[in-house]
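Worksheet: the structure to be examined is printed underneath.
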Amino acid sequence: MTSSFTVHDASGYEQLMGRWSRKLAPKFIDFAGLGTGEKILDVGCGTGSLTFELAKSADLSAIAAIDFSPVFVEAAKARNSDPRIEIQQGDATALPFADNAFDRALALLVLHFVPEAGKAVAEMRRVVRPGGVVAAVVWDHLGGMPGMRMMIDTAAALSEGGRQMRSRYCFQPMMQPGEMKRTFIEQDLAEVTETELMIRMDYRDFDDYWAPIGAGEGPLGKYMMTLDPAERTRIEGAVRDAYEAGRPDGARSFASVAWACRGVVR
């Protein structure tokens, strides 16, 4: 499996998305549910936002976490001090675990970066026991991420390349209303429910917002790195103007919405 997410280093990811993943993780856990003594699989753990939030529950017996990126796996291992947690590199579409090995398999902000997202859901179902839960959450890039849309809409207004980047960003897998729910049902999960989860992304100033993107992190940063220096400077200036919106630079807050889906293994 390949991943469409670009990462250069874990600290850059933390500034781009990790800090927001940590805010979303408790809401996702509340939606997915937990039970005493359960074994949980975190699919696409990144730097450990969900993994370490799960570990706050003393009632869990084991937490396995995988990620496709060795950069993320190394960073998560370096943070770990909980003997219940085991972190390894792995492929979401070919999970390295036996059938029925877990009580729940959860995926926080990963399915939209998996080209074969349906296959990943099928693998999550395979490794969860009958009666167990499969759950996932992804950002609503098209309609629920005004802070990110501000940047990509600005880039799209300036060039054809920006318009193409916007189309890719807005229509990644699993992001349209009902899309994850349909996929869960197609993969023979029962009692499938879909909902929306919201957090706020709070930035100190424009540099706090722009730094990871300007450094090339994530899909938006990847696009910026294809441009010549003059075009990068032009886009940065235009995005700064959109961020400031005619007021002095400083703190800004954006509501951010994610789709969450949950199903039970038959």
Query - Contacts of type side chain to side chain donor-acceptor pair (under 3.5 Å), residue R19, not counting sequence neighbours - result: D208
Report task. Walk me through it: do L197 and D30 pass the test side-chain contact (heavy atoms from CB on, under 4.5 Å)? Result -> CA-CA 11 Å; L197 304 177; D30 286 346; over 6 Å; no
**Report entry** Within-4.5 Å side-chain heavy-atom neighbours: L50 and I29
**Finding:** yes
**Report entry** Distance (rounded to the nearest 0.5 Å) between R168 CZ and I152 CD1
**Finding:** 10.5 Å
Requested in this report: Check the angle between the aromatic planes of F206 and Y209 and answer parallel, tilted or perpendicular using the 30° and 60° thresholds.
Outcome: tilted
Report summary line: Closest non-hydrogen atoms of V110 and G44, given as atom of the first, atom of the second and distance, are CG2-CA, 3.9 Å
**Report entry** Residue list, side chain to side chain contact (heavy atoms under 4.5 Å, CB included) with D153, at least two apart or on another chain
**Finding:** R149, R166
Query raised in the report: Sub-3.5 Å donor-acceptor pair from the side chain of H112 to the main-chain atoms of P173, do we have one?
Result: no
Query - Qualifying residues under salt bridge (charged side-chain N to carboxylate O under 4.0 Å, His left out), relative to R266, sequence neighbours excluded - result: D188
Query - Cluster check F72, L54: I/L/V/M/F/W/Y, side chain < 4.5 angstrom - result: yes
Query raised in the report: For T47, does its backbone N or O pair with a side-chain atom of R79 as donor and acceptor, under 3.5 Å?
Result: yes
Report summary line: Taken to the nearest 0.5 Å, the spacing of E194 CD from E179 CD works out to 9.0 Å
Query - S21 backbone acceptor or donor facing S49 side chain under 3.5 Å - result: no
Query - Shared hydrophobic cluster, I185 / M174 (ILVMFWY, side-chain heavy atoms < 4.5 Å) - result: yes
Query - Least distance between heavy atoms, I66 atom then G90 atom - result: CD1-C, 3.8 Å
Query raised in the report: Would you call E53 and K56 a salt bridge, using N to O less than 4.0 angstrom?
Result: yes
Query raised in the report: For A105, what residues pass the side chain to side chain contact (heavy atoms under 4.5 Å, CB included) criterion, not counting sequence neighbours?
Result: L41, M124, V128
**Report entry** Test item: side-chain donor near acceptor, T93 and D91, under 3.5 Å
**Finding:** yes
Report task. Could you tell me the separation between the CG atom of D241 and the CD atom of E236, rounded to the nearest 0.5 Å? Result -> 12.5 Å
Report summary line: CG of N80 to CD1 of I85, rounded to nearest 0.5 Å, is 4.5 Å
Report task. May I ask you to say whether R234 pairs ionically with D228, meaning some side-chain N is under 4.0 Å from a carboxylate O? Result -> no
Report summary line: Sequence neighbours excluded, the answer for side chain to side chain contact (heavy atoms under 4.5 Å, CB included) partners of E86 is Q88
**Report entry** Qualifying residues under ring pair (Phe, Tyr, Trp, His ring centres under 6.0 Å), relative to F102, sequence neighbours excluded
**Finding:** F97
Report task. Would you indicate whether the side-chain heavy atoms of M148 and Y169 approach each other to under 4.5 Å? Result -> yes
Query raised in the report: When hydrophobic residues are tied together by side-chain contacts of less than 4.5 Å, even through go-betweens, does L24 share a cluster with V43?
Result: no
Query raised in the report: Could you go step by step and tell me if F113 and Q172 meet the side-chain contact (heavy atoms from CB on, under 4.5 Å) rule?
Result: CA-CA 7 Å; F113 294 116; Q172 288 175 258; 3.3 Å; yes
Report summary line: Rounding to 0.5 Å, atoms OG1 (T183) and CG (L111) come to a distance of 8.5 Å
Query - Exercise: identify the closest heavy-atom pair between A98 and A101 - result: O-CB, 3.3 Å
Query raised in the report: Excluding sequence neighbours, so at least two apart, what forms ring pair (Phe, Tyr, Trp, His ring centres under 6.0 Å) with F52?
Result: none
Query raised in the report: Do the side chain of T226 and the main chain of Y223 share a donor and acceptor less than 3.5 angstrom apart?
Result: yes
Requested in this report: Using the test salt bridge (charged side-chain N to carboxylate O under 4.0 Å, His left out), find all partners of K23 that sit at least two apart in sequence or belong to another chain.
Outcome: D202
What donor-acceptor contacts under 3.5 angstrom involve side-chain atoms of residues 254-264, with partners at least two apart or in another chain?
{"residue": "W259", "atom": "NE1", "partner": "M175", "partner atom": "O", "Å": "2.9"}
{"residue": "R262", "atom": "NE", "partner": "F31", "partner atom": "O", "Å": "3.4"}
{"residue": "R262", "atom": "NE", "partner": "A32", "partner atom": "O", "Å": "3.3"}

Query raised in the report: If you group Ile, Leu, Val, Met, Phe, Trp and Tyr by side-chain heavy-atom gaps below 4.5 Å, do L158 and I213 land in one group?
Result: yes
Query raised in the report: Are the side chain of D67 and the backbone N or O of Q89 linked by a donor-acceptor pair below 3.5 Å?
Result: no
Query raised in the report: Do you know which two heavy atoms are closest between A238 and T154, and how far apart they sit?
Result: CB-CG2, 3.5 Å
Query raised in the report: Do I40 and F28 belong together in a cluster built from hydrophobic side chains that touch within less than 4.5 Å?
Result: yes
**Report entry** R84 side chain vs L60 backbone, donor-acceptor pair below 3.5 Å
**Finding:** yes
Query raised in the report: Minimum heavy-atom separation for A155 to M165, with atom names?
Result: CB-CE, 4.0 Å
Report summary line: Sorted by chain and number, sequence neighbours left out, ring pair (Phe, Tyr, Trp, His ring centres under 6.0 Å) with W20 holds for Y203
Query - Any side-chain heavy-atom pair of M224 and M151 under 4.5 Å - result: yes
**Report entry** Ion pair check, D205 and R252, cut-off under 4.0 Å
**Finding:** no
Query raised in the report: Less than 4.0 Å between a side-chain N and a carboxylate O, is that true for E244 and R247?
Result: no
**Report entry** Partners passing side chain to side chain contact (heavy atoms under 4.5 Å, CB included) against E74 (at least two apart in sequence or in another chain)
**Finding:** none
**Report entry** Selection residues 95-110 - residue pairs positive for side chain to side chain donor-acceptor pair (under 3.5 Å), sequence neighbours left out
**Finding:** E38-R104, D99-R126, D103-R129
Report task. Output the distance between atom OG (S159) and atom CG (L227), rounded to the nearest 0.5 Å. Result -> 7.0 Å
Report task. Without swapping roles, check the side chain of Q187 against the backbone of V121 for a donor-acceptor pair under 3.5 Å. Result -> no
**Report entry** Sidechain-backbone polar pair: Y243 side chain, G147 backbone, donor-acceptor under 3.5 Å
**Finding:** no
